[in-house]
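Throughout, residue positions are numbered sequentially from 1 according to the sequence presented. Atoms within each ligand, like the ligands themselves, are counted from 1 in listed order. Note that this is a predicted model, so its numbers are computed, not measured.
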Amino acid sequence: MEFNEKIRDLAPSKSIVFMQKAKALQKEDPGIISLAGGEPDFTTPKRIRDEVTKQLEKGYTHYTIGPGLPELRERIAGKLREENGAEYDPYGVIVTPGGKFAIYLAVRSLVNPGDEVMFPEPGWVSYPSIVEASNACPVPVRLSGSDGFRLTRAKLEEKVSEKTRLLIVNYPNNPTGRVLSRPEAEELRAFLNAHPDVLLLSDEIYERILFEGAENVSPASYPDLRDRVITVNGFSKSVAMTGFRIGYLATTPEIAKVMYKLFQHTMSCTSGFIMKAALTALDCQEEIEEMRQEYERRRDAFIGALNEIPGVTAALPEGAFYAWVKFDMPGLDSEETAAFLLKEARVVGVPGNAYGTDETYVRFSFASSMEDLMESAKRIREAMEKR
Ligand code: GLU
């Protein structure tokens, strides 16, 4: 059977593979705890669910023509201005079925065959695959745990070439939990100013999940960068709306116009009743804050418990909801360590190699109940102690 070679050769998404695997294993053994998928365990706030019901009752179920409801694009531009200090024209906003499709739409619309797209590693599993599916070359920029995965201009300069078209950054970061601090944002800015042909895609999907007042800089807040920054965000993580599939990108109206052509031919439009739910979600500040506080409580308890286990170290994440945990397991790589934890502790995490690291890290999501987190930490301790 002949396939498009790029698609045939794509690696499956390990986040999704491990979420599926955990579900299948739990059917056999309900005691298995899955901390694999980055999916909030909270029920979507009631106001949002009520809005969907209302729209369905009204029969608001047809095509919505355009790159998103005008009132939603206005609200998103307003949100980016007020909360992120980023001035975007509402005509530069495209509302997409999930943030992931916004990333695909952006990358696919911006790169030509052979162009290079840089992204820091450890990094989210789908960036290299989206770049490959767009016929471009993924260029990882390796960050190191020894300096807290700090992003520096020097590290970016090492990998840039005349073929570099795009740089993708993701802060707060999946999987490391690092935010884009002001000094790192300045490094990024200096790099971009030295390479005027490189565009930046800033994936800010975890932007509302920040701990202890950590500051996460949105690169589009720099007026000298704004026109070259495509900001991607969505509702899945901050408002527990993963199943709604709704996200967005913001760019200049000129760039959005080109991306919208591909959008017409692939998605047609984003669902109208889901966009109405997103409008309500933009009003759910209290609910968002309640969930954030609960993530912070879980972070403190889970990371604290993990760090008490011999051979286990985890830095306190500044944002997002992942514990990025280093295991001292002589002779075992991250894949083998995750398999060991599944077998001996009946806890599913995603091996670090999914995020492009050779070191023995496993990622656990703490968007899971406190009970599951503390039970997981206890079982991991027991498994590590009897090794
Ligand atoms: N982003 C989440 C994760 O990293 C959900 C799965 C996915 O879209 O990759 O687990």
Side-chain angles (χ1 to χ4, degrees), residues 10-26 33-42 44 96-107 119-133 138 140 149 168-179 201-209 232-249 267 291 295 298-299 302 314 317 319-325 334-335 338 341-342 347-357 361-369 372-373 376:
L10 290 180
S13 158
K14 278 209 177 143
S15 298
I16 293 179
V17 166
F18 276 82
M19 281 160 91
Q20 274 171 342
K21 185 175 168 182
K23 277 218 162 72
L25 290 168
Q26 281 170 328
I33 300 175
S34 175
L35 305 181
E39 166 150 46
D41 60 320
F42 298 108
T44 310
T96 53
K100 201 183 273 191
F101 191 76
I103 298 169
Y104 179 69
L105 185 64
V107 175
F119 48 86
E121 270 187 354
W124 182 51
V125 293
S126 293
Y127 300 132
S129 300
I130 288 173
V131 171
E132 279 161 3
F149 304 104
I168 304 177
V169 295
N170 164 227
Y171 291 101
N173 186 262
N174 172 10
T176 66
R178 284 294 323 282
V179 296
L201 190 157
S202 177
D203 175 357
E204 302 180 11
I205 191 79
Y206 297 97
E207 165 241 350
R208 297 301 303 273
I209 305 166
V232 171
N233 206 330
F235 298 85
S236 294
K237 313 293 185 181
S238 56
V239 216
M241 288 174 71
T242 44
F244 285 67
R245 308 312 302 135
I246 182 152
Y248 56 85
L249 64 80
M267 282 299 155
M291 290 188 264
Y295 290 134
R298 294 173 184 182
R299 172 198 77 151
F302 187 49
F321 43 52
Y322 301 107
W324 182 236
V325 186
S334 64
E335 194 104 21
L341 295 171
L342 171 59
V347 173
V348 187
V350 185
N353 66 358
Y355 310 93
T357 178
Y361 280 92
V362 178
R363 188 197 79 169
F364 300 109
S365 163
F366 52 85
S368 316
S369 71
D372 277 357
L373 292 168
S376 299

Name the residues with a heavy atom less than 4.0 Å from ligand 1?
Ser15, Gly37, Gly38, Lys100, Trp124, Asn174, Tyr206, Lys237, Tyr322, Arg363
Using the ring centroid of each side chain, check whether Tyr361 and Tyr322 are separated by less than 6.0 Å.
no
Parallel, tilted or perpendicular: which one describes the rings of Phe321 and Tyr295, with boundaries at 30° and 60°?
tilted
Does the plane of the ring in Tyr127 sit parallel, tilted or perpendicular to the ring in Trp124? Use 30° and 60° as the thresholds.
perpendicular
Strictly distance-based, threshold 3.5 Å: is any side-chain N or O of Ser34 a donor or acceptor partner for the main-chain N or O of Val348?
no
Spell out, as yes or no, whether a donor-acceptor pair under 3.5 Å connects the side chain of Thr44 to the backbone of Ala240.
yes
Can you name the nearest heavy-atom pair linking Gly38 to Lys237, along with the distance?
O-NZ, 2.7 Å
